[in-house]
Amino acid sequence: MEIVAENLTFTYSPKTKGLSFRALNGVNLTVKSGEIFGIIGKTGSGKSTFVQHINGLIKVQKDSGALKVGEYDLTDKKCDYKSLRAKVGMMFQYPEHQLFAETVAEDVAFALKNFNKDLSAEELAGRVRQAVEIVGLDYNEIKDKSPFDLSGGQKRRVAIAGVIVAKPEILVLDEPAAGLDPKGKREFLELLLKLHKDFVKTIIIVSHDMNLVAEYCARAAVFAGGKIIATGTPKEIFSDGKVLAESGLDLPLTASLTEKLKSKGVDIDSDLTVKDFTEKLIYALKNGGRQDERRFFRQLFPRRLFRA
Amino acid sequence: MKDVSFGSYFPADSFVHKMDARAKILIAIAYMVAVFLVSAFHFLGFAACLSFVILTTAVSRVPFFRVLKSVRTIIFFVVFSAILQLFFNSKGTVVFWVITDVGLLNAAFIIARIMLIVLGASLLTLTTSPVELADGIEGLLYPLKWIKFPVHEFALIMSIALRFIPTLIDETDRIIKAQKARGADFESGNIFKRAKALIPVLIPLLISSFRRADELADAMDSRCYAGSKNRTKYKKMRLSFRDLMGVLAVAGLIVGIVFLNKFYAINTLAQIAGAL
């Protein structure tokens, strides 16, 4: 399912003078099916308002542009939001806060029961088992436990199982790694890659974490002041000084290193993922540069760093 | 969810805003007593109360529509009690179908009374921030310390409750959205179905409230908070000429109403018939 927004505009409390606030101001964006797409921008730049439009949690206002998600036209009053929400899963910040049921199995089944009313008990249990196992939990061990007795990382996994159990085609994640420790974060992001490979076609990640966007997103859009000021690969976005200044975003680690090395006269042309960057860097270290430059690299990256 | 206007504070720099919260609470209570003192069918007293409200609003610089908005939340209750008065009153002469003249007057009386009380109460909360309000109540309850009532703790509980209302509204909004995204349906079905649909919202809300309470307790502990003993205030409440003027105004209102009741009272049915 492709997402196409044309000149999308949204105003909070449009009728109250003084309180009304224009959160989106003519957003044009196309997200193709099958992408991992990043949405970045400062707090209050309109990114959250935009993603909530995608599954109809915020409805498109009158005369405020157009939004299509697959065959669903969200400007149409008769749009079937329920079946749309089955196809567009959404996970908010701290999704573990939405857990409510007595057992994990029941909580995961919640969305499925809402979307497919006539599913048999066996089918239901089968789908729940599949979802729980995909997120890397042991179904038999965990299904009768209370979701509130689990650890933080497990809770988050259960919460995401509760979203993907409906087999959405698009998955929208708002700050998916917030509040996890480094190990939990890495594991959770690897899980997302796995999901993208065999379960969900399109993944949209809203994040403040530029490292995450550079590492995992093929393309991204930068929001500022309710508009999109740039769309492109992380490499294009993070090498555009004007965009960075206007949006007030930080650089991912790889991009800031690239910049520092460039100021010392060494060009490293990577796609800004850690793997690609290190490979290109090692190549440059082996082949290029004068002697003093090599010494400089050794200071930056001692030999032991590359042994692993 | 966002437009809860009853009881919201309207910040401004005015005569009424600067008044002592304790005095304002007492004046509001006195004003309500005044509204209740207006005897049956005597609308001149209501006119006096209304002009008191209008005067206070004008002095407080709160826009009139903001004060009127507070009535919107209880309009159903007002209409309901007015209808009861209209249809279940057998006294007086019939004007139309089962509606009597006394019924009509009673309905108007009830509407006026409830509206005036709500207007007065919302004027208090519009001009007094929750923190000031809690401080004021603490000040007023201070004599209860004498019978070992934990006044300070009581006020603290109250101000914490008030402080967390907007936070909880935000949280509710978030959870409703999260469950809607999982296909929860809050808008269709009969009342029992809808009540049941709220469970996935209420349970996470309850749990997060407990979590917040724990965190708040820890935060207070880590700042060595230890209740009322030897505790001083950042803002000391002090009575001023403003409070005296407010008290005089409300006292004037009460005296006026008692006076009107005594000398211009129309209390019997015969008198109403004559007046009509």
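Within every chain, numbering begins at 1; the chains are lettered A, B, ... in the order of the sequence lines, protein sequences first and strands thereafter. Small disclaimer: the values here were computed from a predicted structure and weren't measured. Just so you know, these numbers use all the heavy atoms, side chains as well, and skip hydrogens, waters and symmetry mates.
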Taking heavy atoms only and a threshold strictly under 4.5 Å, list by residue number the residues of residues 66-88 of chain A that touch chain B; give 'none' if the list is empty.
Lys82(A), Arg85(A)
Heavy-atom count around Glu102(A) CD within 6.0 Å, excluding the residue itself: above 12?
no
With a 4.5 Å cut-off on heavy-atom pairs, point out which of Phe100(A), Phe115(A), Phe92(A) contacts chain B the most.
Phe100(A)
In terms of heavy-atom pairs under 4.5 Å with chain B, which of Ala159(A), Ala101(A), Ala111(A), Gly89(A) leads?
Ala111(A)
Provide the closest heavy-atom pair for Lys180(B) versus Leu57(A) in the form atom of the first, atom of the second, distance.
CB-CD2, 3.6 Å
Could you check whether atom CZ of Phe77(B) has more than 12 heavy atoms from other residues, nucleotides or ligands sitting under 6.0 Å from it?
no
Most contact-rich option vs chain B, by heavy-atom pairs under 4.5 angstrom, among Val163(A), Val172(A), Asp107(A), Leu112(A), is Asp107(A)
Should we say atom CZ of Phe80(B) is surrounded by more than 12 heavy atoms from elsewhere, each under 6.0 Å from it?
no
Nearest 0.5 Å, please: how far is CD in Glu171(B) from NE2 in His97(A)?
7.5 Å
Please check if the side chain of Asn55(A) supplies one atom and the backbone of Ala181(B) the other of a donor-acceptor pair under 3.5 Å.
no
Heavy atoms from other residues, nucleotides or ligands near NZ of Lys193(B) exceed 12 (cutoff 6.0 Å):
no
Is atom NZ of Lys42(A) surrounded by more than 12 heavy atoms (other residues, nucleotides or ligands) closer than 6.0 Å?
no
Among residues 197-212 of chain B, those lying within the under-4.5 Å heavy-atom range of chain A are Pro200(B), Ile203(B), Pro204(B), Ile207(B), Arg211(B)
Does atom CZ (Phe76(B)) have a neighbourhood of more than 12 heavy atoms from anything else shown, all under 6.0 Å?
no
Expected output: side-chain Gln179(B) to main-chain Gln98(A) donor-acceptor under 3.5 Å:
yes
Report, as yes or no, whether the 6.0 Å neighbourhood of atom NZ on Lys201(A) holds more than 12 heavy atoms from other residues, nucleotides or ligands.
no
Take a 6.0 Å sphere around CE of Met220(B) and say whether it holds more than 12 heavy atoms from other residues, nucleotides or ligands.
yes
